[in-house]
Undergrad: 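One structure, pasted below without further comment.
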Amino acid sequence: MLDGLNPPQQEAVVHGDGPVLVVAGAGSGKTRVLTRRIAYLINVLHRPAWTILAVTFTNKAAGEMRERVLSLAGEDAKEVALGTFHSVCLRILRRERSRAGRPNFTIYDPSDQQNVMKQALLTAQIRDPRMTPGVTLSLVSKLKNELIRPQAYVPASYTDELVGKVYPVYQELLRKNNAYDFDDLLSETVELFKAEPEVLERYADRYSHVLVDEYQDTNHAQYVLVTMLASKHRNLFVVGDADQAIYGWRGADIRNILDFERQFPDARIITLDQNYRSTQNILDAAHAVISVNTKRPEKKLWTDKDAGPLIRAFEARNEQEEAQFVAREIRRLVHRGTAEPRSCAVMYRTNAQSRSIEDAFIHEGVPYRIVGSTRFYERREVKDVLSYLRWLANPEDGVSLTRIINVPPRKIGDTSQKALNDWADINGIGLWESVQRASEVESVGPAARKALAGAAELFHELRSYATSHTAPETLEYVLGRTGYLKWLETEDDGRTRVENVEELMTVAQDFQDLPPEESLRSMLERVALVADADQIDESGGAATLMTMHLAKGLEFDVVFLVGMEDNVFPHSRSIQDPDQLEEERRLCYVGITRSKRVLYLTYAMSRRLMGRTERNAPSRFLVNIPEELFTPDSNKPRQGSNLDGGTGWGWNRWSSDEIEPARAPVPRITESTFATGDKVYHKIFGVGTVVATELSGGDEEVSVAFAAKGQMVTKRLSVLYSGLEHA
DNA sequence: ACCAGGCTTCTTTTT
DNA sequence: GAAGCCTGGT
């Protein structure tokens, strides 16, 4: 039962009743402890699986945990309530609202929230340029995470006062649309428990054990929620690492983990400090960075692994050279048999940095995949179609209705829409009702009235179809009956857009076996709660490109941390505030500890940022790592050299022709192997057409037109490196 | 009603 | 350097 676990891990797994905090450093086997503990609760302590609740932050983590628990504890474990905070709350809200006969509501994503907030700012007559919808939303979000309700909010500054004015308006708009935003899923669940203690009682009674992963990233609402759910049996088992708290900007409160002992005086604290992932050199580097932080309980990871290879720092002239270095280095490692592309990861601070990396990987023919940034569910056509479905599930959802009322174009212009909205407000009715009664609205012209009557009829028809059909059937019907698909084909990038819609159909098909009244709702729930991190997929032969935030919880043989420059990482917006700087430092710690063995830290002397070319000093984090951990050929800036903003950082720069020139014996190309008009195949871009080709320096540069990312894109590819083939 | 073109504003990080 | 917003023309 306890085989393969070290003593503190065993202690955590077999702990009896009462609160437990497992302080689990990076790579110390926390998922292992969590899954083994769940199996132990089921198999040894004979707790029924359905009385166990385990909460994670991503669906992917939940899925993996489910899989591992199933293999440890068998079929019974299916009954374990296991999910993200948001999905657990959604389940509770849906169930409780069904009891009250109002099962349907929409979950608004950030772009929907943006629309609602714009309207709220207008209604509240706030025209302060500081209060952009985005800024206001994040302030409101903070309040919700703190469980501060609009009426209980006490403004303490001018900005606060403005927030105090919009917050209730925003909230009222959500209510009118019968919608929740992400934060509401948490805060409304807590609110429900407060308002109806007997409901809480049911859940608290049911869950004999509550386990929480990544506890350092919980916010106040999550803390209260978890405490409530565990209030009856007091078996709260949380796992986390304060050094990996990187979501403070999203409302996570690191004090939840730091103060756990104080909040639960009888808590057992178990520390896992043996690292099973990384070499000693990596751990030393990570420790050198993190130990600068003041607000942390001192702890140090250890390993019985060897020192491992030294860390390589690389200074590039600009971001292109940096990216090229990374791509070539991976190619070199692969060529030498040291690593496979799939065991390599490139991590950056901001998504914008992926671009130059991507370009270089394409040029050098290194297979890659980017996680995040390209969000399927944020594409226009996907949002359009989802808006139809969301509106069908919830006719009060005016945001979705607004989105589709004139898509495809039905000659219902902005003026008419505004008139309908105003009329709805004046009469205290919803947008859908005012659409149906458009003929009563004086300010809507005759042509628009006719168009609206047509739309209303169409939408009625969709509605009656949807009530008796499943999600895929409804989707199909909507696409045909509205003419959306046909219209989409005529739009720019029609082909790829249609493909995206078809992709959505594949998602819908997962729900075809559910009864009609559940099918669509379930699909929309799934769609609402997918996150970038869920898309990470270790299979396949490609290197992974992602932000350091998304990398938390993952591990790779080879890790490149790129953009190691002050103002890039740490980010310029965090550099002044000590607390935010500490969070950046933790992020760096997370990045470093993703590596099992090989670590590269790269920085560029100059880099284009937001259109301008900037020169930044090497990152202070880089400077914190002791010299002796770097390879002799590293471009390592001298200790402390960049902290006072002085000139001359004293790095021992290589001249650019000393950059690793990929010495693998490569055949030279002396005559053209491709001709204009050839159909070619590229493993990333697929099939394309050659538009030009040119020989240069023993290589052939082929320009190929691909249909990529929704448009025809011409890429210059190296025949030598890109693996381009005749199709 | 719709389009094109020029303007601004961004960019952290995301369930 | 892109996407979104506004403006003014058709």
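First the proteins, then the strands, lettered A, B, ... as listed; each starts at 1. Both backbone and side-chain heavy atoms feed into the values below; hydrogens, waters and symmetry mates do not.
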Undergrad: Would you indicate what A:Q580 reaches in the nucleic acid, counting non-hydrogen atoms under 4.0 angstrom: base, sugar-phosphate, or nothing?
TA: base
Undergrad: Of A:E584 and A:I412, whose nearest nucleotide on DNA chain B comes first from the 5' end?
TA: A:I412
Undergrad: Step through it carefully: locate the ring centre of A:Y247, locate the ring centre of A:F57, and say whether they are under 6.0 Å apart.
TA: no
Undergrad: Return the nearest nucleotide to the side chain of A:T132; candidates are B:dA1, B:dC10, B:dT15.
TA: B:dC10
Undergrad: Which whole-number value in Å describes the distance from A:K411 NZ to B:dC3 C1'?
TA: 13 Å
Undergrad: Atom CD of A:Q113 to atom C1' of B:dT14: distance rounded to whole Å?
TA: 11 Å
Undergrad: Quick one: do the A:Q580 and A:E582 side chains pair a donor with an acceptor below 3.5 Å?
TA: no
Undergrad: Would you mind telling me which of B:dT13, B:dC2, B:dT15 lies closest to the side-chain atoms of A:F182?
TA: B:dT15
Undergrad: For the side chain of A:N406, starting at C-beta, report the closest nucleotide among B:dA1, B:dC2, B:dT14.
TA: B:dC2
Undergrad: Within this structure, what is the CG-OH distance for the pair A:D253 and A:Y223, rounded to the nearest 0.5 Å?
TA: 10.0 Å
Undergrad: Check the side chains of A:Q353 and A:T350 for a donor-acceptor pair under 3.5 angstrom, ignoring hydrogens and angles.
TA: yes
Undergrad: The side chain of A:H86 is closest to which nucleotide in this list: B:dT15, B:dA1, B:dC2?
TA: B:dT15
Undergrad: Could A:D217 and A:R250 be called an ion pair, given the rule that one side-chain N must be under 4.0 Å from one carboxylate O?
TA: no
Undergrad: Looking only at side-chain atoms of A:T84, point me to the closest of B:dC2, B:dT15, B:dT14.
TA: B:dT15
Undergrad: Please report the distance, rounded to the nearest Å, between OH in A:Y589 and P in B:dT13.
TA: 24 Å
Undergrad: Could you give the CZ-to-C1' distance, from A:F57 to B:dT13, as a whole number of Å?
TA: 15 Å
Undergrad: Under 4.0 Å from OP1 or OP2 of B:dT14: is there any side-chain N or O of A:T547 that close?
TA: yes
Undergrad: Heavy atoms only, 4.0 Å cut-off, all strands: where does A:S416 land among base, sugar-phosphate and nothing?
TA: sugar-phosphate
Undergrad: I want to verify a distance call: between B:dC10, B:dT14, B:dA1, whose nearest atom is closest to the A:Y247 side chain?
TA: B:dT14
Undergrad: More 5' along DNA chain B: A:G413 or A:E583, using each one's nearest nucleotide?
TA: A:G413
Undergrad: Looking at B:dT15, B:dT13, C:dA2, which one has an atom nearest to any side-chain atom of A:R355?
TA: C:dA2
Undergrad: Return the value, rounded to whole Å, for the distance between atom CE of A:M117 and atom C1' of C:dG4.
TA: 19 Å
Undergrad: Classify A:K118 by what it touches in the nucleic acid, base, sugar-phosphate, or nothing, heavy-atom distance under 4.0 Å.
TA: sugar-phosphate
Undergrad: Within this structure, what is the NE2-to-P distance between A:H571 and B:dT14, rounded to whole angstrom?
TA: 12 Å
Undergrad: Applying a 4.0 Å non-hydrogen cut-off, can you work out what A:D183 is touching in the nucleic acid: base, sugar-phosphate, or nothing?
TA: nothing
Undergrad: Quick one: A:Q114 CD to C:dA3 P, roughly how many Å, whole number?
TA: 16 Å
Undergrad: Can you figure out which of B:dA1, B:dT13, C:dA2 approaches the side chain of A:T415 most closely?
TA: B:dA1
Undergrad: Can you figure out which of B:dT15, B:dC10, B:dT13 approaches the side chain of A:N351 most closely?
TA: B:dT13
Undergrad: Please state how far atom NZ in A:K142 lies from atom C1' in B:dT15, giving the value in whole angstrom units.
TA: 16 Å
Undergrad: So, A:Y203 and A:R95: side-chain donor and acceptor under 3.5 Å apart, yes or no?
TA: yes
